[in-house]
Protein chains: 2
Amino acid sequence: MKEQKKAPISKQTLNRMPAYFLYLKKLDFQEHQSISAAAIANDLNLNEIQVRKDLAAVSSSGGKPHKGFDICTLIEDIKAYLGYDDVNNAVIVGAGKLGQALLCYDGFSEYGLNILAAFDADPTVIHRSINSKYVYPMEKIPEICHLLNIQIGIITVPAAYAQLVCDQLVDSGIRAIWNFAPVLLNVPQKILVQNENMAVSLAILSKHLAVKLQEK
Amino acid sequence: MKEQKKAPISKQTLNRMPAYFLYLKKLDFQEHQSISAAAIANDLNLNEIQVRKDLAAVSSSGGKPHKGFDICTLIEDIKAYLGYDDVNNAVIVGAGKLGQALLCYDGFSEYGLNILAAFDADPTVIHRSINSKYVYPMEKIPEICHLLNIQIGIITVPAAYAQLVCDQLVDSGIRAIWNFAPVLLNVPQKILVQNENMAVSLAILSKHLAVKLQEK
DNA sequence: TAGATTGTTAATCGATTAACAATC
DNA sequence: TAGATTGTTAATCGATTAACAATC
């Protein structure tokens with residue numbers, strides 16, 4: 001087992017990895033065979049050495065001088081590294097428009113996310129299926145989560161209910177939360193909260209536009 | 001004008017700012033008057049000195065020894081800093097479930113985002129209003145964007161159409177793109193692309209769960 | 001006043017970039 | 001072989017943390 005001597009994971013590298021993943025898939029689709037770190041760096045506006053280091057950290061076979069990295073292999077390596085190969089079961093709480101959008105998007109399986117069911121408080125949306133996923137009433141959360149061995153709870157309820165829902169999910173044995181509500185959730189240490197933080201995106205956008213405007 | 005000597009913006013500080021913003025709004029709602037950097041750091045699991053520095057970078061009046069920062073003032077300072085006070089006009093391209101979810105969410109005005117219209121290719125969704133925002137056919141993009149002085153284009157179409165839509169938006173004079181499609185977009189240098197990168201979130205989640213699983 | 005809390009200057013840490021040797 | 005391209009070791013840069021003086 002040489003695996004153990006792999007470099008420790010850098011947060012920044014982890015953040016860049018999905019960009020490499022999307023980039024390589026596009027290339028693969030266009031039937032390229034291999035690609036150099038320099039070409040990737042150029043297309044993604046990154047530093048060449050940074051790309052080399054990032055790829056070296058995840059690549060199983062490494063790149064070949066003169067040729068670069070084999071695209072197919074690299075895609076597989078990144079998938080393995082990011083854990084996209086490990087399937088995690090999830091439920092969505094909140095079957096409003098956003099919840100339905102996520103329920104109907106079938107691309108998450110690509111990332112190992114397997115959404116099995118949804119929950120809602122609204123009697124007009126429960127007890128029916130959306131994209132073959134059944135919408136249960138809220139009180140079923142503990143039962144279904146335990147039954148289906150759910151790892152991830154996805155929160156798409158209005159901000160005011162998010163903490164309440166979060167507590168219920170935690171009590172039902174989930175281990176991570178993907179939070180779309182614009183609130184900060186309180187959770188026990190062992191639970192990971194990943195905020196799909198649209199406020200951050202908007203901050204970066206508006207900051208950027210404001211700065212550009214000033215320059216003129 | 002002493003404004004000019006403000007410290008240059010750190011990317012990390014910018015990323016943390018929305019968390020402070022949400023945190024402070026919650027406090028404000030609970031009718032607190034002021035708060036110390038230490039208390040914030042404790043609640044958000046951040047380093048105290050880091051919080052002091054972050055707040056010092058955006059605070060107009062600074063904190064007061066013994067009392068800390070005035071919450072209301074600080075919220076206003078952060079809003080000003082992040083550009084949430086500057087209103088940016090936006091359109092959504094893709095009025096499917098995700099697009100509709102964004103159209104129906106009225107909380108974006110809090111961040112200075114003003115969604116004025118939507119576009120779609122589907123004849124069954126166009127020529128009607130969703131949450132008082134009209135859905136136009138795709139060919140109206142240039143006309144409407146110029147007419148309404150649109151700064152930001154929000155892309156919520158399937159991955160396969162995202163680049164096409166992006167090109168149209170760029171040609172229609174928008175200055176920034178908020179991209180929800182899981183693809184990397186090619187744009188001219190002057191256009192900012194902000195990816196709402198669910199793949200990153202999923203990577204962090206699945207990586208984290210995989211690592212935890214290994215530990216056991 | 002004493003003490004809590006800020007803001008700033010200095011020290012440490014980690015990530016990026018540069019330089020260069022290794023290799024197909 | 002020569003040259004393109006990788007991987008690694010060293011240098012730089014920026015961000016975090018520590019130390020401490022300033023102040024209400």
Side-chain angles (χ1 to χ4, degrees), chain A residues 2-3 5-20 23-24 27 32-74 77-78 81 200 204 207, chain B residues 2-3 5-20 23-24 27 32-74 77-78 81 200 204 207:
Chain A
K2 315 190 206 174
E3 296 281 315
K5 65 167 182 171
K6 274 275 170 195
I9 312 147
S10 141
K11 239 184 190 173
Q12 320 297 318
T13 299
L14 180 58
N15 277 320
R16 280 188 296 270
M17 219 38 83
Y20 296 132
Y23 174 81
L24 292 168
L27 282 188
H32 289 68
Q33 283 279 315
S34 53
I35 180 108
S36 73
I40 298 175
N42 185 56
D43 287 348
L44 297 183
N45 282 313
L46 295 171
N47 179 288
E48 182 191 328
I49 300 146
Q50 187 170 66
V51 174
R52 282 220 297 276
K53 267 203 167 156
D54 285 345
L55 298 187
V58 298
S59 173
S60 53
S61 53
K64 299 275 174 297
H66 243 145
K67 281 171 60 189
F69 292 82
D70 179 70
I71 292 175
C72 274
T73 314
L74 200 47
D77 289 340
I78 293 177
Y81 176 79
V200 172
I204 295 169
K207 186 78 200 154
Chain B
K2 317 188 206 173
E3 294 282 314
K5 66 165 181 172
K6 273 277 169 193
I9 312 147
S10 141
K11 237 184 193 175
Q12 321 296 318
T13 298
L14 180 58
N15 278 320
R16 280 188 295 270
M17 220 37 84
Y20 296 132
Y23 173 80
L24 291 168
L27 282 188
H32 288 70
Q33 283 279 313
S34 53
I35 181 109
S36 73
I40 297 175
N42 184 56
D43 287 348
L44 297 183
N45 283 312
L46 295 171
N47 179 287
E48 183 191 327
I49 301 149
Q50 186 169 67
V51 174
R52 282 220 297 279
K53 268 204 168 157
D54 285 345
L55 297 187
V58 298
S59 173
S60 54
S61 53
K64 300 274 174 297
H66 243 145
K67 281 171 60 190
F69 293 81
D70 179 71
I71 292 174
C72 274
T73 314
L74 201 48
D77 289 341
I78 293 177
Y81 176 78
V200 172
I204 294 168
K207 185 78 201 157

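All figures in this text were calculated on a predicted structure; none of them were measured in a lab. Throughout, a chain's letter reflects where its sequence line sits, starting with A, and its residues are numbered from 1.
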Result of checking L14(A), T13(A), L46(A), I40(A) against D54(A) for side-chain contact (heavy atoms from CB on, under 4.5 Å): T13(A)
Residue among L74(B), D77(B), V51(B), L24(B) satisfying side-chain contact (heavy atoms from CB on, under 4.5 Å) with F69(B): L74(B)
Point-to-point distance, once rounded to the nearest 0.5 Å, from CZ of R52(B) to OG of S36(B): 9.5 Å
If I take atom [atom1] in residue [X] and atom [atom2] in nucleotide [N], what distance separates them, rounded to the nearest angstrom?
{"X": "F69(A)", "N": "dA4(D)", "atom1": "CZ", "atom2": "P", "result": "18 Å"}
{"X": "Q12(B)", "N": "dA15(C)", "atom1": "CD", "atom2": "P", "result": "10 Å"}
{"X": "E48(B)", "N": "dA4(C)", "atom1": "CD", "atom2": "C1'", "result": "11 Å"}
{"X": "K67(B)", "N": "dA2(C)", "atom1": "NZ", "atom2": "P", "result": "22 Å"}
{"X": "L14(A)", "N": "dT16(C)", "atom1": "CG", "atom2": "P", "result": "12 Å"}
{"X": "I35(A)", "N": "dA4(D)", "atom1": "CD1", "atom2": "C1'", "result": "14 Å"}
{"X": "K11(B)", "N": "dT16(C)", "atom1": "NZ", "atom2": "C1'", "result": "12 Å"}
{"X": "N15(A)", "N": "dT16(C)", "atom1": "CG", "atom2": "P", "result": "10 Å"}

Residue pair I35(A) / Y23(A), side-chain heavy-atom distance below 4.5 Å: yes
Min side-chain heavy-atom separation L44(B)-Y20(B) under 4.5 Å: yes
Upstream residue (5' side of DNA chain C) when T13(A) and G68(B) are each assigned their closest nucleotide: G68(B)
Pair partner, dA4(D) [Watson-Crick or wobble, under 3.5 Å]: dT23(C)
Nucleotide paired to dT17(D) in any strand shown, Watson-Crick or G-U, under 3.5 Å: dA10(C)
Smallest separation among heavy atoms of G62(A) and S59(A), with atom names: N-OG, 2.8 Å
Chi angles and distances behind the side-chain contact (heavy atoms from CB on, under 4.5 Å) call for R16(B), Q50(B): CA-CA 10 Å; R16(B) 280 188 295 270; Q50(B) 186 169 67; 3.3 Å; yes
Footprint string (nucleotides 17-24 of chain C, 5' to 3'): B base within contact, S backbone only, - free, heavy atoms under 4.0 Å: BBBB--BB
Listed nucleotide nearest any side-chain atom of A37(A), set dT6(C), dA15(D), dT6(D): dT6(D)
